[in-house]
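Inspection log for the structure reproduced underneath, given as structure tokens.
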Amino acid sequence: MKTALKNLFLTNPSKSFNSYIQKCVSLLKIFSDKGLVAGGTVFHCHLLKNGVLSERCIAIKLLIMYLEFRKLSEANQIIKDFNGFDLVVQNCLIKASIQWGNLSEARKMFDEMPERNDITWTLLISGLMKYGRLEESMWHFERNPFKSVVSWTAAITGFVKNGSSFHGLKLFVRLLESGVKPNQFTFSSIVSACIEMGDFDLGMSVLGLIIKTGFENNVSVSNSLITLCLRMHEFDQARRVFDRMETRDVVSWTAILDMYVERGELGEARRIFDEMPQRNEVSWSAIIARYSQYGDHIEALKLFRNMVREGFKPTISCFSSILCALASLESLQAGKNLHAHVMKMGIEGDLFIACSLVDLYCKCGETKDGRLVFDLIENKNVVLWNSMIGGYSTNGQMDEAKYLFNNMPARNNISWGAFIGGYVEYKQFDMVFEVFNEMLLSGETPTKPTFSSVLCACASLTSLEKGRDIHGKILKLGFQYDVYLGTALTDMYAKCGDIESSKQVFDRMSERNEFSWTVMIQGLAESGFAKESLALFEEMKRNSSVAPNELMLLSVLFACSHCGFVDKGLEFFGAMELEYGIRPKGRHYTCVVDMLSRSGLLSEAEELINSMPFQPEANALAALISGCKTYRNEEIAERTARKLVELAEKNSAGFILLSNIYASAGRWIDVSNMRKLMREKGLKKSVGFSWIEVRSHLHSFYSEDGTHLKSAEIHDILELLRLEMTDPKHIPTF
DNA sequence: ATAGGGTTAG
């Protein structure tokens, strides 16, 4: 930009007029492409001063610039000065109307034009396609007297971008039959169609045609071919295409960068990124998006800062990646700052941005602000609806989620999944299965994450029957087990007590992550297979790159405790911080206290409690008291009980345990005192409930009675049964 | 005027 300006001022308009005009034209294009409103306006004055506004090409470029800036009055002024509407000016206006989404205006202008050229027709055809009006577009295409490659390509591209690749291909065949020669744009589009249809073989036969017509060395065609190979996971082939290219542009580099990212080789990708001969905002977006997708949000933010520092203007996709990173980090303040920035740029109406913003606010627990963003968007798409429903779901606002779900104009399987996920997270399992069944009845196919959340519900209910049923459905759909689904199945079987099936699923998984190992180790430990659990933990340390985590160590300690491996347990406990860098939490202490108390090491257990850097869990004290009971140690029991009373002042868990201990000792007066005290303090025991399944419908019963619809009837029947059992002479009267 | 790389929801 700077050099272009300097260059211009060195040119004398009176001496080399043509070169001067050409430089002005290219500068105007820069102003309008980069959206430099102020610079463009000043440059307008400069042109006025030099008296070159009457030059046709200058006036047109100026008009295009003002249309780009949406400065309508300035644009109209230029049209007036230039003496009205010729074909080129009208084409510019049609293009602007389409860009601003005013299709009816574009149609009106088109219909009223006295003459039209190929560009006019193509503008309308591609414009209609852009807004999904396929039939209307084709109607014009068929009537277009100038069927050039460009209009053919516009129509083909329109089909591909609207997900009708097959129609695009049919049109391509017609193009070949008509004798018009396809160009590099056409081929790029056709390769995209193959990608969209997932048809690698078809892509390869198109490649034959590309070579035959001599386009194989074209940069953009090669770039699409790289993407074709990437999508089909033919990474070596992709690299071969890249290596064969004579010239590569920033797109080629970005595509190959993405290949390494896709293979999970982020280090190699970063190396390529750092060594790329040229970068643009898309290459930046690509690497930033991937860092965020791989969970390194901090690095993504650092890269974003570097990008801005190097003077690149972040694109919409880049903003949405960063907003997504901020959502994952739950940094509300930074998110709000970026929101302000987005508003300043005037892109808050973009659907990608809006979705990310809704997600950001909801992940930070601010569903109201999320809703504000949601309500401001006029043309909502499914994704936006789903974001909002998902936001309410994760925040437990199921009534709001339900209302939106019932009133959305169009649902897809992700909407169902988002809605069901909320019920899973907030443990309303009867609703989970009700909605899930409704989903199946509606003919929607659940996605993998939906299956895994429903499996999680089965695990929580320990409903093996339902779990197996879901497993069957997954098999029937022919889903490949991915890590998430495999882990969910492993967990479900383990929690439902079918440890054999659990092990089977785990053994068959081709890829295992931290969660997979955790659920299996935990499953074995909690099902009483302590030795196997410990062995698996050792195997993981030996054979995988997964590092031990808090939950695994809890399972390992649990296993040691239940196997009576006191020494081994203490060894693991000691190694937690030193070897694995995990600071023991309350749960770990409780587990070790329990282990010591079970084996009669009461004073060691008491010592451990006293040495804790923070408040012990009430359960730890209860475990010790229970040990004292087994090994008859009144002294420690008394001291510990006093601590429990102290603790009970602060939380309800302590109260409940204490009253349970009193109850098991038969001290009913103390029990009733505790209950009274709890009521006075407003402490509430979390509600207990149980459930049964009748004809695949789930009935829940809460400890506060009367929540079941047929509660009264059930009690009547119970009374009948009781009578029958206690009074042999009683004859039931049905 | 037409094309290729990056972006949102569970």
Side-chain angles (χ1 to χ4, degrees), chain A residues 91-92 94-95 98 117-127 129 146 148-158 160-161 182-192 195 215 218-228 230 249-259 261 280-290 292-293 314-324 327 350-360 362 381-391 393-394 412-422 424-425 446-453 484:
Chain A
N91 281 349
C92 289
I94 290 189
K95 188 187 168 190
I98 290 171
N117 63 8
D118 181 34
I119 297 179
T120 325
W121 282 93
T122 310
L123 277 169
L124 193 70
I125 292 166
S126 68
M129 282 292 188
F146 321 85
S148 65
V149 213
V150 184
S151 53
W152 278 100
T153 308
I156 293 172
T157 308
V160 177
K161 288 211 166 138
N183 63 12
Q184 68 270 35
F185 294 96
T186 326
F187 280 121
S188 293
S189 228
I190 290 302
V191 174
S192 288
I195 295 171
F215 280 103
N218 182 276
V219 186
S220 50
V221 174
S222 298
N223 289 342
S224 342
L225 285 171
I226 293 179
T227 311
L228 174 71
L230 288 186
D249 65 3
V250 69
V251 179
S252 338
W253 280 99
T254 310
I256 211 73
L257 168 83
D258 204 43
M259 176 180 100
V261 169
N280 66 5
E281 60 289 336
V282 177
S283 354
W284 279 100
S285 297
I287 194 111
I288 288 174
R290 296 311 194 167
S292 157
Q293 281 163 7
T315 58
I316 286 180
S317 73
C318 197
F319 270 117
S320 76
S321 296
I322 287 299
L323 285 169
C324 177
D350 179 86
L351 280 168
F352 278 93
I353 297 282
C355 290
S356 309
L357 280 172
V358 168
D359 194 42
L360 168 83
C362 293
N381 64 1
V382 211
V383 183
L384 188 65
W385 280 92
N386 291 350
S387 305
M388 196 64 235
I389 291 173
S393 286
T394 47
N412 62 11
N413 50 359
I414 295 183
S415 331
W416 287 91
F419 186 43
I420 293 173
V424 174
E425 195 151 334
T447 60
K448 286 177 187 177
T450 306
F451 271 124
S452 89
S453 74
Y484 298 98

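Residue numbers start from 1 in every chain, and the chains themselves are labelled A, B, ... in the order their sequence lines are given, proteins ahead of strands.
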Touch check for A:Glu425, heavy atoms < 4.0 angstrom, all strands: base, sugar-phosphate only, or nothing? nothing

Of the listed nucleotides (B:dT8, B:dG4, B:dG6), which one gets closest to any side-chain atom of A:Lys161? B:dG4

Could you state the atom-to-atom distance from CG of A:Asp249 to P of B:dG4 in whole Å? 13 Å

Could you tell me how far apart A:Asn183 (CG) and B:dG4 (P) are, to the nearest whole angstrom? 12 Å

Rounded to whole angstroms, how far apart are CD1 on A:Ile288 and P on B:dG5? 19 Å

What one should report as the nearest heavy-atom pair of A:Asn183 and A:Thr186 is OD1-OG1, 2.8 Å

With A:Phe185 as partner, the option from A:Asn218, A:Thr153, A:Thr157 fulfilling side chain to side chain contact (heavy atoms under 4.5 Å, CB included) is A:Thr153

Looking only at B:dA3, B:dG6, B:dA9, the nucleotide nearest the A:Ser285 side chain is B:dG6

Where the side chain of A:Lys95 is concerned, which of B:dG6, B:dA3, B:dA1 is the nearest nucleotide? B:dA1

Any side-chain donor paired with an acceptor under 3.5 Å for A:Ser252 and A:Asp249? yes

Measure from the side-chain heavy atoms of A:Asn386 and tell me the nearest of B:dA9, B:dT8, B:dT7. B:dA9

Between B:dA3, B:dA1, B:dG5, which nucleotide has the shortest distance from any of its atoms to the side chain of A:Asp118? B:dA1

Which of these nucleotides, B:dG5, B:dA3, B:dT2, is closest to any side-chain atom of A:Val150? B:dT2

The side chain of A:Ala286 lies closest to which of these nucleotides: B:dA3, B:dT7, B:dG6? B:dG6

NA contact type, A:Val358, heavy-atom cut-off 4.0 Å: base, sugar-phosphate, or nothing? nothing

Between B:dA9, B:dG5, B:dT7, which nucleotide has the shortest distance from any of its atoms to the side chain of A:Asp359? B:dA9

Rounded to the nearest angstrom, tell me the gap between atom CD1 in A:Ile94 and atom P in B:dT2. 14 Å

What's the NZ-C1' distance between A:Lys448 and B:dA9, to the nearest Å? 18 Å

Under 4.0 Å: is that the gap between some side-chain N or O of A:Gln293 and OP1 or OP2 of B:dG6? no

In whole angstroms, the gap separating P of B:dA1 from CZ of A:Phe185 amounts to 11 Å

Out of B:dG4, B:dA9, B:dT2, which has the shortest distance to the side chain of A:Ser387? B:dA9

Between P of B:dG5 and CG of A:Asp258, the distance in whole Å: 10 Å

For residues A:Ser220 and A:Asn223, is any side-chain donor paired with an opposing acceptor at under 3.5 Å? no

Selected nucleotide, minimal atom distance to A:Ser317 side chain, candidates B:dA3, B:dT8, B:dG6: B:dG6

Give, for atom CD of A:Gln184 and atom OG of A:Ser222, the distance between the pair rounded to the nearest 0.5 Å. 11.0 Å

Rounded to whole Å, CE of A:Met129 lies from C1' of B:dA3 at a distance of 15 Å

Report yes if a donor N or O on one partner sits less than 3.5 Å from an acceptor N or O on the other, where the partners are the side chain of A:Thr315 and the base of B:dG6; otherwise report no. yes

